[in-house]
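Below: the structure, in structure tokens.
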Amino acid sequence: MEDSDGLPIFAFQDLDYIPSGFSGVLAPYIETTMGTMRAAVTLMRLGLSGDQDGKEKGVSSNHQQVVCDLGCGDGYFLISLLTHISLLAPLALPLGIGIDYSPTLIATAGIQSTLQNVNASWLIYDFNDDRGDLVSQLINGHQVTHVFVYLVPKQLALPTVRAILTRLAGSGVVVCCHKFYPEYLTPARRDTLMELVVYDETG
């Protein structure tokens, strides 16, 4: 997808620095730290019972949790997140789906998830255009329960992305945004230190 100047819209287009990690013309990349990953797992209550009200931690979820990384790159974050959940709650058996427009990165993610014995599937898809109704694919096809998002403001403001995130949150999917936040959704809870905000149907 292109912007008003005819240039491709990339995930870090609005940033005033070059992120660390792999970066190229076809596959720009923003690094997400392992501290952010662990904080996101806690804030989204993945693999755990709700502990925000003082309930006991470490109880496996009673339903299948399927986590989507919207803009997954080479899959490193999602693979690490699923591995972390499995260590916290061995009976949780989390599933993952990573989405990116780069066939090269998706191929890398598939290889890495197989090598690390992580249960994840990978989809090549341009959600900036969303010509295939991504929400229906995620909810009806993959039964996604949680979505992690790290997109910059210009991308969050795209009508297609706005529609995707609004429909997901309104359908009961837990949406977690890092660093940049959609103004059209109401936060349910947040981790200010780690710059994470969760949105769901209660927000």
Side-chain angles (χ1 to χ4, degrees), residues 20-22 29-100 102 105-125 127 134-135 137-151 165 168-169 171-179 188-191 193-201:
S20 60
F22 176 80
Y29 172 80
I30 302 178
E31 184 178 30
T32 309
T33 68
M34 290 302 95
T36 300
M37 178 274 292
R38 289 188 290 269
V41 167
T42 299
L43 195 63
M44 289 192 285
R45 299 170 180 167
L46 284 163
L48 304 176
S49 64
D51 60 300
Q52 298 298 317
D53 298 321
K55 296 182 181 179
E56 182 181 2
K57 295 184 180 181
V59 179
S60 298
S61 174
N62 292 324
H63 65 282
Q64 180 69 67
Q65 294 180 328
V66 183
V67 186
C68 172
D69 186 355
L70 195 60
C72 66
D74 63 5
Y76 179 73
F77 178 84
L78 182 58
I79 292 170
S80 299
L81 182 144
L82 295 173
T83 301
H84 182 64
I85 297 171
S86 296
L87 292 174
L88 288 175
L91 299 180
L93 301 176
L95 304 179
I97 174 169
I99 300 174
D100 203 275
S102 168
L105 290 182
I106 288 295
T108 299
I111 293 171
Q112 291 302 315
S113 62
T114 299
L115 290 175
Q116 298 185 46
N117 197 29
V118 169
N119 196 347
S121 57
W122 308 95
L123 176 64
I124 301 170
Y125 190 83
F127 53 81
L134 182 61
V135 173
Q137 293 184 55
L138 293 180
I139 294 177
N140 300 325
H142 297 278
Q143 289 78 52
V144 165
T145 58
H146 298 73
V147 175
F148 182 82
V149 181
Y150 188 3
L151 302 176
L165 298 184
L168 286 172
S171 299
V173 175
V174 176
V175 177
C176 181
C177 292
H178 176 48
K179 198 177 287 285
R189 52 191 180 275
R190 66 177 70 234
D191 183 331
L193 180 62
M194 299 305 296
E195 300 181 284
L196 293 165
V197 176
V198 157
Y199 308 86
D200 57 28
E201 60 184 348

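Computed from a prediction, not measured in an experiment: that's the story for all the values here.
Heavy atoms only, all atoms of each residue included: Leu196 and Ala40 are closest at CD1-N, 3.5 Å. Heavy-atom minimum distance, Ala39 versus Asp191: CB-OD2, 3.8 Å. Taking each heavy atom of Leu123 and Gln137 in turn, the nearest pair found is CD2-OE1, 3.9 Å. Between Cys68 and Ile99, the shortest heavy-atom contact is SG-CD1, 3.6 Å. Between Gly98 and Leu78, the closest heavy-atom pair is N-CD2, 3.6 Å.
A 4.5 Å side-chain heavy-atom check between Phe148 and Val41 finds every atom pair outside the cut-off. A 4.5 Å side-chain heavy-atom check between Arg189 and Leu43 finds at least one atom pair inside the cut-off.
To the nearest 0.5 Å, atoms CE (Met34) and CG (Leu81) are separated by 8.5 Å. Separation of atoms OG (Ser113) and CG (Asp74) is listed at 11.0 Å; rounding is to 0.5 Å. Here the CG atom belonging to Leu95 is positioned 10.0 Å from the CD1 atom belonging to Ile85, to the nearest 0.5 angstrom. Between the CG atom of Asp69 and the CE atom of Met37 there is a distance of 12.0 Å, given to the nearest 0.5 Å. Considering CG of Asp200 and CG of Leu168, their distance stands at 12.0 Å, rounded to 0.5 Å. Between the CZ atom of Phe127 and the CG atom of Leu151 there is a distance of 5.0 Å, given to the nearest 0.5 Å.
In this structure, Asn140 places its CG atom where more than 12 heavy-atom neighbours from other residues, nucleotides or ligands lie under 6.0 Å away.
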Report the C-alpha separation of Tyr125 and Ile106 in whole Å, then their side-chain angles, then the decisive distance to 0.1 Å, and conclude whether the side-chain contact (heavy atoms from CB on, under 4.5 Å) test is met.
CA-CA 10 Å; Tyr125 190 83; Ile106 288 295; over 6 Å; no
Verdict with supporting geometry, Cys176 and Val174, side-chain contact (heavy atoms from CB on, under 4.5 Å)
CA-CA 7 Å; Cys176 181; Val174 176; 5.5 Å; no
Could you walk me through whether Leu93 and Asn119 pass the side-chain contact (heavy atoms from CB on, under 4.5 Å) test, one step at a time?
CA-CA 8 Å; Leu93 301 176; Asn119 196 347; over 6 Å; no
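Using modelled atom types, no side-chain atom of Gln65 and backbone atom of His146 make a donor-acceptor pair closer than 3.5 Å. In this structure, the side chain of Asp100 engages the main chain of Gly73 through a donor-acceptor pair within 3.5 Å. Under a 3.5 Å cut-off, the side chain of Ser121 and the backbone N or O of Ile97 do not form any donor-acceptor pair. Side-chain atoms of Gln112 never come within 3.5 Å of backbone atoms of Val118 as a donor-acceptor pair (strictly under, hydrogens ignored).
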